[in-house]
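Below, chains carry the letters A, B, ... as their sequence lines are ordered, and counting in each starts from 1.
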Number of protein chains: 2
Amino acid sequence: MAIDISLSNKQTEKQELPLAIPQATLRRLPQYHHYLVQLQARGGKQISCTTIGHDLNFVAVQVRKDLQYTGLPGKPKTGYVVAELVQAIENFLGWNKVNEAFLVGAGNLGTAILGHEKFSQYGLHIVAAFDSDATKVGTRIHGRDVLPLEKLPNLARRMSIRLGIITAPTDAAQSVANLMAEAGIQAIWNFAPVRLKVPAEIFVHNEDLYASLASLSCKLAERLGAPVRNL
Amino acid sequence: MAIDISLSNKQTEKQELPLAIPQATLRRLPQYHHYLVQLQARGGKQISCTTIGHDLNFVAVQVRKDLQYTGLPGKPKTGYVVAELVQAIENFLGWNKVNEAFLVGAGNLGTAILGHEKFSQYGLHIVAAFDSDATKVGTRIHGRDVLPLEKLPNLARRMSIRLGIITAPTDAAQSVANLMAEAGIQAIWNFAPVRLKVPAEIFVHNEDLYASLASLSCKLAERLGAPVRNL
DNA sequence: TAGATTGTTAATCGATTAACAATC
DNA sequence: TAGATTGTTAATCGATTAACAATC
């Protein structure tokens with residue numbers, strides 16, 4: 001019987017138990033991707049974890065573990081085929097599928113994100129912006145219409161939008177999130193420094209600039225305190 | 001001799017070994033801070049880890065461990081004095097000291113960050129912007145001059161600038177970092193999706209939007225694949 | 001005193017790293 | 001075959017959580 005089970009596991013494939021990926025690996029995959037794309041541009045065909053690790057300052061075995069999540073097997077002695085690996089990472093990250101998104105908050109940050117054309121290379125298409133400020137509504141920012149916030153739920157449903165980006169001011173963020181939840185949006189990229197309260201099925205990713213600032217100012221404060229060492 | 005050493009360690013205090021703070025704790029401290037400031041605004045005087053944990057969705061003991069890094073002791077039964085705790089966190093993070101910074105790359109993102117007035121409440125004062133684009137040089141963005149990139153090293157030295165913010169395009173980021181290193185800058189907040197090569201004494205914090213995007217698109221792809229469950 | 005809370009020490013968990021067998 | 005590399009299993013490390021004593 002034991003043989004039976006192990007066989008069926010091997011044969012049926014893609015069974016499931018995809019072995020949830022660690023956050024840390026997920027953060028590194030885009031780095032590998034970026035590295036590999038550049039390598040490819042320079043004509044690189046094959047690559048080993050040893051080399052990737054050396055260039056990116058990771059231990060080789062960590063690179064190997066990370067890449068295993070993409071499901072692409074490498075070849076002993078030669079390593080991975082660069083083109084395949086790029087594909088595998090993009091596939092794993094969902095970067096070869098289009099994600100249409102709505103952005104709320106057409107202020108400075110919202111404008112910056114709308115202007116970031118590279119995102120579309122990674123499947124992120126921001127199709128419209130929303131704002132509650134009447135003076136902004138009706139304008140166009142980097143080719144996208146700025147619509148009144150009230151229109152979001154209806155439009156999101158009709159267009160089956162699954163991703164929402166919040167670049168609204170802190171105080172408005174929660175109510176925007178509520179609107180998005182109501183609109184059936186499935187994931188939120190939140191740039192406001194608040195922990196949003198949303199239904200459990202909605203995935204929230206917080207882009208917390210204040211956490212970054214903390215890390216930087218803490219480091220600088222620590223250095224000021226310490227006596228200056230010989231440079 | 002052994003006794004001697006342990007005594008001196010205890011007595012002299014502030015000796016060192018400040019027990020390096022975990023990254024994760026550092027990310028949470030600003031959240032506590034934000035929560036406590038709001039609490040204070042509503043007139044809260046005392047607070048317990050139990051309550052903080054409940055409101056912020058952390059386990060109480062984790063909150064306690066995190067807060068211990070600030071060095072402020074709580075009182076059994078009553079918890080912490082809100083005002084003291086806010087102070088202690090700000091002090092620990094260096095948010096009550098002024099950090100003057102230079103920003104390089106006056107594009108969309110740079111403009112957004114220059115426009116983010118709240119940063120100054122956390123000690124971050126961006127005093128000038130730099131760009132290599134001659135059409136931008138000479139203009140003012142959110143009250144700050146845009147200067148030619150070549151002027152950065154000299155000015156940074158003269159003004160003892162310790163923090164640099166990179167919002168330049170990916171290709172330019174490394175050379176900007178080189179310039180900053182040359183200018184004696186001690187910490188870099190890097191918004192470009194590249195791993196910068198800098199001397200070991202420079203602290204780099206990467207704000208990696210593509211890592212965030214990976215996390216979001218991966219989650220969405222995973223949902224699309226799976227059959228829709230009962231909502 | 002009883003109860004809520006802090007602070008601390010031990011157990012658990014997950015991610016990183018090390019060791020090594022398998023493979024081309 | 002020898003050597004570089006992958007893939008896997010075990011050891012290590014660090015952070016989270018649990019258990020509990022100390023304190024007001």
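In terms of modelled atom types and a separation under 3.5 Å, the side chain of B/Ser217 and the main chain of A/Leu93 share a donor-acceptor contact. The main-chain N or O of B/Thr78 is never found under 3.5 Å from a side-chain atom of B/Ser48 such that the two would form a donor-acceptor pair. When atom types are taken as modelled, the side chain of B/Gln174 and the backbone of B/Lys197 share a donor-acceptor pair closer than 3.5 angstrom.
Counting any heavy atom pair closer than 4.0 Å across all strands shown, A/Val61 reaches a base atom. Using a 4.0 Å heavy-atom cutoff across all strands shown, B/Lys77 reaches at least one base atom of the nucleic acid.
At least one side-chain nitrogen or oxygen of A/Arg64 sits closer than 4.0 Å to the OP1 or OP2 atom of D/dT6. In terms of phosphate contacts, B/Tyr69 brings no side-chain nitrogen or oxygen within less than 4.0 Å of OP1 or OP2 of C/dG7.
Closest to the side chain of B/Gln62, out of D/dT5, D/dT16, D/dT8, is D/dT16. Distance from the side chain of B/Pro73 is smallest to C/dG7 among C/dG7, D/dT6, D/dT23.
The pairing partner recorded for D/dC20 is C/dG7, the criterion being a Watson-Crick or G-U wobble arrangement whose two distances lie under 3.5 angstrom.
Nucleotide D/dT16 holds its P atom 12 Å from the CG atom of B/Leu26, rounded to whole Å.
Residue whose closest nucleotide on DNA chain C sits further toward the 5' end, between A/Lys75 and A/Arg28: A/Arg28. Residue order along DNA chain D, read from the 5' end via each residue's closest nucleotide, puts A/Pro76 first among B/Pro76 and A/Pro76.
For a distance-only test at 3.5 Å, the side chain of B/Lys65 fails to qualify as a donor-acceptor partner of the base of D/dT16.
The aromatic rings of B/His116 and A/Tyr210 sit tilted, their planes meeting at an angle between 30° and 60°.
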